[in-house]
Amino acid sequence: MEFLVFLKDHGPELIRGSLTTIELTMLSAALAIIIAVIAGLMRLSTNRLVYGPATVYVEIFRGTSLLVQIYWIFFVLPLFGLTLEKFTAGFIAVGMNLGAYGAELVRGGIQSVPKGQWEAATALSMSPAIRMRRIIFPQALLNMLPPWGNLLIELLKGTALVALISVSDLMFMAKKINSTTYLSAQVFGIALVLYYLMSRGLITPFMRWLERLMARKVGKRL
Amino acid sequence: MKPTVFHYPAKLEGEDIPLVRFHEVTKRYGDLVVLDSLDLDVAEGEMVAIIGPSGSGKTTVLRMLMALEKINDGIIYVDGEPLTHMSRNGGLVWADEKHLRRQRLNIGMCFQHFNLFPHMTALENCIEAPVQVLGMSKADAIKRAEELLDMVGMLEKAHEHPSRLSGGQQQRVAIARSLAMRPKVMLFDEVTSALDPEVIGEVTTVIRKLVHKHNLTMLMVTHQMGFAKEISDRVCFFYDGKIEEQGPPDQIFGNPKSERTQQFLSAVLEAN
Ligand SMILES: Nc1ncnc2c1ncn2[C@@H]1O[C@H](COP(=O)(O)OP(=O)(O)O)[C@@H](O)[C@H]1O
Ligand SMILES: [Mg+2]
């Protein structure tokens with residue numbers, strides 16, 4: 001009974017927080033994917049001026065804490081004249097961080113395409129760009145999808161850190177409700193369940209669907 | 001850094017220039033000399049069989065001609081034009097990637113493990129390069145691909161993905177895919193070695209057709225001595241990155257001069 005009252009009073013806030021978390025996740029994911037593809041391809045270049053910057057990027061973002069990166073983008077960049085709104089700063093930090101991990105997935109996925117595929121494409125006089133776009137990348141994508149599913153779940157969980165720069169996501173709302181009601185078990189319990197539902201109820205089925213779709217496109221049956 | 005200038009002829013001219021010429025071609029991997037100043041001419045319409053022990057450089061010859069890798073020394077000409085080099089300010093320098101890509105249009109290659117694109121159907125495999133590289137319209141490319149798939153007996157499976165095809169069927173599609181680019185020279189690297197014995201015939205039948213009906217210029221690395229004897233105009237026996245002995249199939253198989261050729265052939269015969 002008490003719990004129902006709690007839900008009635010605070011449910012809407014938690015739902016608004018969840019929607020913000022979903023929005024953050026989607027924007028960060030889009031950014032992470034773009035960064036991952038670009039940095040992953042750059043990492044495969046044999047030109048130092050191309051793979052060098054990408055390697056530095058991947059090293060910095062994988063080698064330091066996401067929370068520190070969020071603080072840097074939100075608190076330190078303004079000192080250099082670049083001020084971002086907290087929501088924007090949040091999704092950019094998460095996207096850049098997970099993009100660095102994604103770059104390694106892209107690189108590994110491309111390298112996992114057998115040498116014979118590269119050679120067959122080359123023997124047909126394909127340019128490196130056509131070969132990558134039409135032959136190598138589609139196969140790499142299929143290999144990469146399962147680890148990308150895990151990465152997107154990491155990304156969703158990572159978004160909880162933006163509560164620390166006061167973006168009103170699910171975690172922020174939960175903390176706010178906790179500080180006024182002191183019903184820690186209820187509020188953080190619900191937050192746990194909601195995060196679980198978002199990862200296992202939204203991301204995992206979506207990725208499974210995508211894997212099946214892609215597999216069908218390449219004539220494979222899973 | 002100034003590019004090295006070479007003093008080979010910038011063009012082969014005359015009545016009977018070979019379609020393919022290897023001139024003093026050397027290929028090294030580190031200290032290992034894989035092709036040792038190789039000379040080899042192939043005339044238009046000729047079918048050359050390449051035989052020899054494992055590691056003697058047979059695959060490497062084809063890979064150099066396909067420009068999948070760079071040679072260290074010497075020069076290769078195709079149809080009188082340098083493949084490995086290009087003209088710059090009156091001399092020859094090493095070819096750049098663009099020149100190589102243009103020259104590759106003259107050459108088609110089939111591999112031991114087929115290397116079909118698994119995410120495309122048989123037909124899509126055959127139209128991909130004509131559309132993307134040659135800029136053919138999709139309709140024209142499909143027409144050409146269907147003719148070729150028909151020729152190799154794979155038209156019925158045109159809409160299957162490679163994973164649904166047997167090895168022999170995949171190899172026949174791979175041959176059609178190469179031919180769709182209308183190469184002047186076709187290279188076959190042990191195209192039947194990965195096949196079950198009962199389907200080898202499907203592939204050799206197609207190659208036989210190319211020889212008898214289409215008079216294509218071909219280099220074929222093979223371990224099928226009987227097929228080489230039947231089909232080729234000339235047999236080259238490779239040993240240690242060099243041609244140890246070459247000649248008409250009757251001579252090489254019937255009366256080999258080199259002791260190494262004799263040893264190799266008797267070892268192969270014993271194994272069969
Ligand atoms: N990428 C490579 N790196 C180093 N050695 C190689 C490479 N490719 C081929 N070789 C060596 O070159 C020699 C000739 O190889 P190959 O032409 O494939 O022989 P064959 O086809 O006659 O069996 C072998 O000793 C092989 O180990
Ligand atoms: Mg070989």
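Note that the structure is predicted; figures quoted are calculated from it, not measured.
Between B/Leu62 and B/Lys58, every side-chain heavy-atom pair lies at or beyond the 4.5 Å cut-off.
In terms of heavy-atom pairs under 4.5 Å with chain B, the best-connected choice from A/Pro114, A/Pro138, A/Gly116 is A/Gly116. Chain A forms the most heavy-atom pairs under 4.5 Å with one residue out of B/Lys98, B/Met120, B/Gln132, and that residue is B/Gln132. Per-residue heavy-atom pair counts under 4.5 Å with chain A were compared for B/Leu100, B/Leu116, B/Ile107, and the maximum is reached by B/Leu116.
Using a 4.5 Å cut-off between heavy atoms, B/Leu105 contacts chain A through both its backbone and its side chain. Contacts of B/Leu134 with chain A are absent, with no heavy-atom separation under 4.5 Å from either backbone or side chain. Of the two parts of B/Phe117, the backbone and the side chain both hold a non-hydrogen atom closer than 4.5 Å to a non-hydrogen atom of chain A. Of the atoms belonging to A/Gln139, it is side-chain heavy atoms, and not backbone ones, that fall under 4.5 Å from chain B. Both the backbone and the side chain of B/Arg177 come within contact range of chain A, with heavy atoms under 4.5 Å apart. Looking at A/Arg133, the atoms closer than 4.5 Å to chain B (heavy atoms on both sides) all sit in the side chain, from C-beta outward. Within the 4.5 angstrom heavy-atom criterion, only side-chain atoms of A/Ile130, from C-beta onward, approach chain B.
Heavy-atom minimum distance, B/Val173 versus B/Cys126: O-SG, 4.0 Å.
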Practice problem: Would you please test B/Thr204 and B/Gln224 for side chain to side chain donor-acceptor pair (under 3.5 Å) and show each step? | Solution: CA-CA 10 Å; B/Thr204 49; B/Gln224 291 179 272; 5.4 Å; no
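With A/Thr159 contributing its side chain and A/Leu156 its backbone, the two residues share a donor-acceptor pair below 3.5 Å. Under a 3.5 Å cut-off, the side chain of B/Glu69 and the backbone N or O of B/Arg63 do not form any donor-acceptor pair. At least one donor-acceptor pair closer than 3.5 Å links the side chain of B/His99 to the backbone N or O of B/His85.
Partner of B/Ile76 under the side chain to side chain contact (heavy atoms under 4.5 Å, CB included) criterion, out of B/Met64, B/Glu81, B/Gln103: B/Met64 alone.
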